[in-house]
Amino acid sequence: MTDPIVVGVDGSGRSLRALVWAAHEAVLHRCALRIIHVLPREHVHESTPGDRVREASRRDQGVVAEATAIVREAHPDLEVMTALPTGSPAAVLLAESEHAHTVVLGAKGLGGFASLLLGSVALQVVGHAASPVVVVNHLTTGHHRIVVGADGSAHSQAALVYAFQQASLRGARLQAVHAWSYPGPEAAVSPVQDAAAEEHRQSLEEWLRPLREAHPDVEVVEELAHEAPIPALARASDRADLMVVGSRGRGGFRGLALGSVSQALLQFSQCPLAVIRPRLQLTPD
């Protein structure tokens with residue numbers, strides 16, 4: 001049985017956008033949707049007055065009931081599971097990721113999911129989850145295009161595998177973006193820079209070749225962006241239904257779970273952002 005799509009909700013508008021995206025993803029992958037609402041510890045702490053506990057319980061149950069109703073109205077045949085665990089959002093979601101096809105989060109929220117993109121929670125979940133993590137800041141549809149960042153790193157290769165699978169599943173065009181900068185003063189005409197550009201183009205083709213052969217149905221557009229990765233990818237996200245990046249690239253320090261590019265795109269991507277780690281064993285559904 002395919003692992004479920006897990007989505008964290010808290011009743012905020014942004015978490016509901018994540019819910020909508022996650023439900024559609026579950027339908028695409030023909031798997032169940034697991035809705036998680038993390039309860040703050042004070043909601044169940046024995047020292048909390050009884051009336052406050054009851055009020056909080058009604059509110060928490062209402063969040064889950066609303067999310068379930070939204071999904072079932074849109075996708076009546078989708079299998080929906082719910083859970084209201086207690087604890088820290090990061091710990092709960094990391095545990096859920098061990099048995100999830102994908103974990104989906106809203107960019108910001110309330111209650112247990114407040115500050116997901118402002119502090120350690122997002123970094124822990126995106127950087128350490130055992131499954132792919134998709135952060136939904138903006139819902140976009142109709143572009144029929146997936147963007148993936150490529151730099152030749154192990155993280156990038158995992159992102160390419162995931163992106164090709166998603167493009168094949170959705171019947172979408174795949175835009176592979178490789179951003180690079182010449183290490184030195186730029187010139188309007190320079191044989192050295194031309195040679196460097198050709199080398200990067202050949203590298204991109206080499207990274208894509210085995211996946212193109214594995215997915216002949218996917219139309220691929222190569223983009224060599226002569227600039228820093230963050231602006232190049234952020235701009236491309238404005239015309240995409242999904243952006244895919246590795247959790248880290250070639251730069252940075254060993255041991256860091258999340259690189260500067262993926263961390264910046266959590267805030268600047270104009271479409272849902274999938275962050276992939278190389279230890280994932282990604283296989284087609």
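When a residue number appears, it is its place in the shown sequence, counting from 1.
Aromatic ring pairs are classed by plane angle as parallel below 30°, tilted from 30° to 60° and perpendicular above 60°; the pair H101 and H29 is tilted.
To the nearest 0.5 Å, atom NE2 of residue H24 and atom OG1 of residue T141 are 9.0 Å apart.
T140 places no side-chain N or O within 3.5 Å of a backbone atom of C271 that could act as its donor or acceptor partner. A distance-only check finds a donor-acceptor pair linking the side chain of H37 to the backbone of V9 [under 3.5 Å].
No side-chain heavy atom of F268 sits less than 4.5 Å from a side-chain heavy atom of L233. Between Q165 and H215 the shortest side-chain heavy-atom distance falls below 4.5 Å. Using a 4.5 Å heavy-atom cutoff, the side chains of V261 and L265 are in contact. Between V6 and S97, the closest side-chain pair of non-hydrogen atoms is not below 4.5 Å. For the pair V135 and V275, the minimum side-chain heavy-atom distance is 4.5 Å or more.
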Apply side chain to side chain donor-acceptor pair (under 3.5 Å) to E206 and Q202, showing your working.
CA-CA 6 Å; E206 180 180 342; Q202 291 179 2; over 6 Å; no
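Applying the side chain to side chain donor-acceptor pair (under 3.5 Å) test to every pair with at least one member in residues 64-73, sequence neighbours left out, gives no pairs at all. Identified under the salt bridge (Lys or Arg N to Asp or Glu O under 4.0 Å) test for residues 87-96, with sequence neighbours left out: R34-E96.
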